[in-house]
Amino acid sequence: MNPSNFIAITVAFASQANRLQWILWALIMSLIMGWVARSRMRPRPACCDQQLRHPVSTLIIGLAGFLLFAAIAVVSNVFANKTTSWWTTAIFVGFALLALPVVGDCFAARHGVAREGLRYGRLIGAGGFLRWDQLRSVRFSSGMKWFRLESQSGTVVRISVMLMGLPVFAQMLLANARPEAIDPTTQTILQATAEGNPPSVWSQAECETTFSARSGPRHD
């Protein structure tokens, strides 16, 4: 075989393998996020309707991520090769540590909603109570996937879209907060959430398409 043809075939094969790897990664992530999205909308007992909690799937993902990257860091050093170095170990350890806040948030992010306001918990620091009528601003971050609530005293509470109980949270917020405190785009998102259609946990484009369709055509 001509060497140039061999090189071309090798490069093409490597390119296809790399593309297949990214396609497989995207498929796995879509399946995982789809599982999380379904978990947060599962029916719960009536006594839990006003509670915001992470589904069990979030805890499983956090633990799996920590164990996976921690195991890779250990194995890569026990069975060291030419690619093993201090920075590759640091990267794997870093990814493992990034999974710990997810696990911690499953236990700390336990909130309760009522007509008067939101009783919130924190991963770091003490929780408290945030009254709806004392909210200064309510905004949704499509990048971080959370609702950001800020009181007139400066207290900030972030509500993840991965939590169960978002429809009731949105209903209480819309019914009792001052309308001028809620960002117009966020209000549309909250209305969709109150109807049982919370923001996507994965695709930003999907969120924008859904909310644009719900808000109807714009007339500038």
Side-chain angles (χ1 to χ4, degrees), residues 26-44 48-65 98-114 117-124 127 130 132 135-151 155-177 181-215:
L27 179 61
I28 291 174
M29 289 303 298
S30 296
L31 291 174
I32 291 175
M33 290 305 176
W35 176 43
V36 173
R38 290 190 298 272
S39 297
R40 64 177 177 166
M41 296 305 294
R42 286 176 181 168
R44 297 190 295 166
C48 301
D49 282 348
Q50 295 183 324
Q51 298 176 359
L52 294 172
R53 300 286 190 274
H54 277 284
V56 177
S57 57
T58 304
L59 178 60
I60 293 174
I61 291 171
L63 290 174
L98 285 175
L100 290 180
V102 177
V103 176
D105 203 50
C106 290
F107 300 97
R110 301 198 170 193
H111 318 301
V113 295
L118 171 74
R119 185 166 297 282
Y120 60 90
R122 293 187 186 277
L123 180 60
I124 299 176
L130 190 66
W132 303 127
L135 288 174
R136 179 167 60 188
S137 70
V138 179
R139 293 181 178 274
F140 176 72
S141 171
S142 58
M144 300 305 296
K145 298 297 183 184
W146 62 39
F147 292 96
R148 182 184 185 276
L149 284 62
E150 183 178 358
S151 71
T155 301
V156 175
V157 178
R158 296 175 177 87
I159 303 298
S160 171
V161 300
M162 297 177 70
L163 296 176
M164 298 182 293
L166 287 177
V168 176
F169 158 77
Q171 292 165 11
M172 293 289 186
L173 178 55
L174 289 171
N176 299 288
I182 305 175
D183 174 74
T185 302
T186 302
Q187 186 169 22
T188 303
I189 297 172
L190 285 169
Q191 289 171 350
T193 302
E195 295 171 7
N197 298 284
S200 169
V201 299
W202 176 242
S203 170
Q204 179 176 347
E206 181 183 334
C207 288
E208 293 174 350
T209 301
T210 301
F211 301 136
S212 294
R214 286 186 164 273
S215 59

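Just so it is clear, the structure is predicted and the values come from calculations on it, not from any experiment.
The side-chain hydrogen bond (donor to acceptor under 3.5 Å, both in side chains) check on R136 picks up E150, with sequence neighbours excluded. Residues passing the side-chain hydrogen bond (donor to acceptor under 3.5 Å, both in side chains) test with Q187: none are found, sequence neighbours excluded. Qualifying salt bridge (charged side-chain N to carboxylate O under 4.0 Å, His left out) partners for R139, counting only residues two or more places apart in sequence or in other chains: D183. Take L100 and apply the side chain to side chain contact (heavy atoms under 4.5 Å, CB included) test, not counting sequence neighbours, and it matches F66, L97.
Side chains of F140 and T193 form no contact here, defined as non-hydrogen atoms less than 4.5 Å apart. In this structure, S151 and L130 have side chains that are in contact, with non-hydrogen atoms separated by less than 4.5 Å. Inter-residue side-chain proximity for L59 and F107 is flagged as met; some heavy-atom pair is nearer than 4.5 Å.
Considering all non-hydrogen atoms of both residues, A99 and G65 come closest at CB-C, 4.1 Å. Closest approach of V103 to G62, counting heavy atoms only: CG2-C, 3.6 Å.
Among pairs with a residue in residues 105-114, those fulfilling side chain to side chain donor-acceptor pair (under 3.5 Å) read H54-D105, at least two apart in sequence or across chains.
Rounded to the nearest 0.5 angstrom, L149 CG and S137 OG are separated by 8.0 Å. To the nearest 0.5 Å, atoms CD1 (I159) and CZ (R148) are separated by 12.5 Å. Put simply, CZ on R158 and CG on L123 are 12.5 Å apart, with the number rounded to the nearest 0.5 Å. From K145, atom NZ reaches atom OG of S200 across 5.0 Å, with rounding to the nearest 0.5 Å.
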Please test W132 against V113 for side-chain contact (heavy atoms from CB on, under 4.5 Å), starting from the C-alpha separation and ending with a verdict. CA-CA 10 Å; W132 303 127; V113 295; 4.3 Å; yes
If you apply the rule side-chain contact (heavy atoms from CB on, under 4.5 Å), what do you find for I189 with F147, and how did you get there? CA-CA 10 Å; I189 297 172; F147 292 96; 4.0 Å; yes
Donor-acceptor pairs are to be reported for all side-chain atoms of residues 165-176 against protein atoms at under 3.5 Å, with residues two or more places apart or in another chain.
residue, atom, partner, partner atom, Å
Q171, NE2, A194, O, 3.0
N176, ND2, M172, O, 2.9

